[in-house]
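Each chain gets a letter, A, B and so on, in the order its sequence line appears, and its residues count up from 1. A quick note: this is a predicted structure, and the numbers were derived from the prediction, not measured.
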Protein chains: 2
Amino acid sequence: MLPYEHFGYIGAMTDSPNEVTPDRLSQADALPPSDQHAQQYAAVRNAHETELLEDYVELIADLLEHQGEARSTDIAARMGVSQATVSKTVTRLKSLGLVSSKPYRSLFLTEKGEAMAAMSNQRHAIVLQFLRALGVSDRIARIDAEGMEHHVSQETLDIMQRFTREQESRSS
Amino acid sequence: MLPYEHFGYIGAMTDSPNEVTPDRLSQADALPPSDQHAQQYAAVRNAHETELLEDYVELIADLLEHQGEARSTDIAARMGVSQATVSKTVTRLKSLGLVSSKPYRSLFLTEKGEAMAAMSNQRHAIVLQFLRALGVSDRIARIDAEGMEHHVSQETLDIMQRFTREQESRSS
DNA sequence: CCTACAAGTTAACCTTGGCTAAAATACTAG
DNA sequence: CTAGTATTTTAGCCAAGGTTAACTTGTAGG
């Protein structure tokens with residue numbers, strides 16, 4: 001198991017991309033008031049807390065649907081993480097009432113877990129389809145969607161969905 | 001060794017129980033191969049590692065530009081976090097060669113830090129303007145951009161930028 | 001010059017999410 | 001039924017990013 005594939009930032013940083021018309025982009029915006037600024041960061045921190053849980057729950061739902069059962073081994077392989085880590089996280093998911101299972105047996109979602117999975121899945125799909133509709137390649141769209149999905153508000157989701165729909169009807 | 005593939009053994013079951021999602025979204029997308037799937041999650045984990053560092057560096061750059069100096073107090077207020085946390089994180093930033101400062105004095109970016117700030121800022125701006133061009137309200141666009149910016153690949157950034165440009169020229 | 005308050009640091013603690021190694025349990029041939 | 005392999009869990013480690021509380025340092029006012 002070699003979980004860490006390196007897409008390192010520091011390395012990628014050096015090849016500065018094409019200039020982005022700095023005059024219009026950057027320094028026009030003044031800093032927002034402190035408290036509002038803080039709320040933005042708080043929102044991100046908050047998203048981070050649930051992100052991993054959502055990913056697990058979503059993956060478990062996918063496995064249940066596509067393979068009939070959700071086993072720790074498969075989760076570990078798909079998440080690129082050791083089984084021990086999965087075990088520990090699942091314990092947490094259970095304590096949060098999202099997952100149920102008997103020791104040494106495969107996993108199930110509680111109602112709460114299924115609700116979360118459904119929402120998460122839907123968001124994921126909307127973001128993924130939106131990126132594709134925008135013209136992003138499939139491989140990249142998948143990666144970006146995985147990272148973005150937890151940080152997209154309902155308002156933006158609605159707009160993305162509308163965009164995708166229009167794009168599709170236009171191209172058909 | 002004998003890798004007993006436990007993959008085939010569920011093949012016959014084909015449960016396919018529920019159809020929860022609306023069929024527009026239900027993407028008959030099968031699961032991607034495990035290793036590819038793992039890479040997606042690895043990319044997200046990787047982004048998380050640098051996310052906070054980028055946020056700090058970006059904020060420090062903003063403060064230097066708009067207020068002439070970057071003090072821990074301001075950072076703490078803007079990040080919505082205690083000063084102790086800032087102090088600890090700054091220590092880490094220093095050890096990574098992104099920030100420099102003398103004890104009890106305000107902060108500066110190294111060249112490396114400035115490069116990171118510039119890139120980060122650029123990405124942030126592209127995402128923010130894209131969201132606005134899409135029609136997302138300012139307040140929400142700011143929040144979403146803050147969360148999304150670290151998860152958007154170069155390919156997607158380019159596409160976003162093109163979209164924003166087209167949108168603007170169309171409306172002028 | 002000295003003192004009080006603001007700002008920065010340090011210490012001690014917590015939770016999360018990784019890891020490896022080892023123990024416990026389940027499964028499948030033979 | 002038993003042995004051997006596969007899977008799951010447990011134990012012990014680590015770093016990151018939070019917290020409070022206590023301590024140090026910087027800086028203005030009297």
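- In this structure, A/G113 and A/V57 approach most closely via the heavy-atom pair O-CG1, 3.2 Å.
- When the C1' atom of C/dG8 is taken as reference, atom CZ of B/R105 falls 11 Å away, rounded to whole Å.
- Ring planes of B/H151 and A/H151: parallel class, angle under 30° (limits at 30 and 60°).
- Residues A/H66 and B/A30 come closest through the heavy atom pair NE2-CA, 3.9 Å.
- In this structure, B/E51 places its CD atom 19 Å from P of C/dT16, rounding to the nearest Å.
- Heavy-atom minimum distance, B/H124 versus B/A145: NE2-CB, 4.2 Å.
- What separates NZ of B/K88 from C1' of D/dG18 is a distance of 7 Å, to the nearest Å.
- Each ring-ring contact (aromatic ring centres under 6.0 Å, His included) pair with one or both residues in residues 153-172 of chain A, not counting sequence neighbours, appears once here: A/F130-A/F163, A/F163-B/F163.
- Taking A/Q40 as the reference, nothing meets the side chain to side chain donor-acceptor pair (under 3.5 Å) condition, with sequence neighbours excluded.
- The separation between B/K94 atom NZ and C/dG8 atom C1' is 10 Å, rounded to whole Å.
- Straight-line distance from the CG atom of A/L107 to the C1' atom of D/dT7: 12 Å, rounded to whole Å.
- Between A/T91 and B/R92, it is A/T91 whose nearest contact on DNA chain D lies nearer the 5' terminus.
- Residues of residues 32-48 of chain A that place a heavy atom closer than 4.0 Å to DNA chain C do not occur.
- Across A/L131 and A/A141, no two heavy atoms sit closer than the pair CD1-O, 3.6 Å.
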Quiz item: Checking side chain to side chain donor-acceptor pair (under 3.5 Å) for the pair B/D35/B/Q39: CA distance, chi angles, key distance, verdict?
Solution: CA-CA 6 Å; B/D35 53 339; B/Q39 277 190 319; over 6 Å; no

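- Of all the residues in residues 71-85 of chain B, B/V81, B/S82, B/A84, B/T85 reach under 4.0 Å from DNA chain D with at least one non-hydrogen atom.
- In this structure, CD of A/E49 is placed 13 Å from C1' of C/dC14, rounded to the nearest angstrom.
- When the P atom of C/dG8 is taken as reference, atom CD1 of B/I60 falls 12 Å away, rounded to whole Å.
- For B/Y104, the listed nucleotide lying nearest its side chain is C/dG8; candidates were D/dT8, C/dG8, C/dG18.
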Using residues 91-98 of chain B as the side-chain source, report each donor-acceptor pair under 3.5 Å to any protein atom, sequence neighbours left out, with the distance given to one decimal.
{"unit_1": "B/T91", "atom_1": "OG1", "unit_2": "B/S87", "atom_2": "O", "d": "3.0"}
{"unit_1": "B/K94", "atom_1": "NZ", "unit_2": "B/S101", "atom_2": "OG", "d": "3.1"}
{"unit_1": "B/S95", "atom_1": "OG", "unit_2": "B/R92", "atom_2": "O", "d": "2.9"}

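- Recorded end-axis angle for the helix from C/dC1-D/dG30 to C/dG30-D/dC1 stands at 0°, based on five pairs per end and rounded to 10 degrees.
- For B/E54 and D/dA16, the CD to P distance is 16 Å, given to the nearest whole Å.
- Pairing each heavy atom of A/H150 with each of A/A47, the nearest pair is O-CB, 3.7 Å.
- Residue A/S120 comes nearest to A/E149 through the heavy atom pair O-OE1, 3.3 Å, listed as atom of the first residue, atom of the second, then distance.
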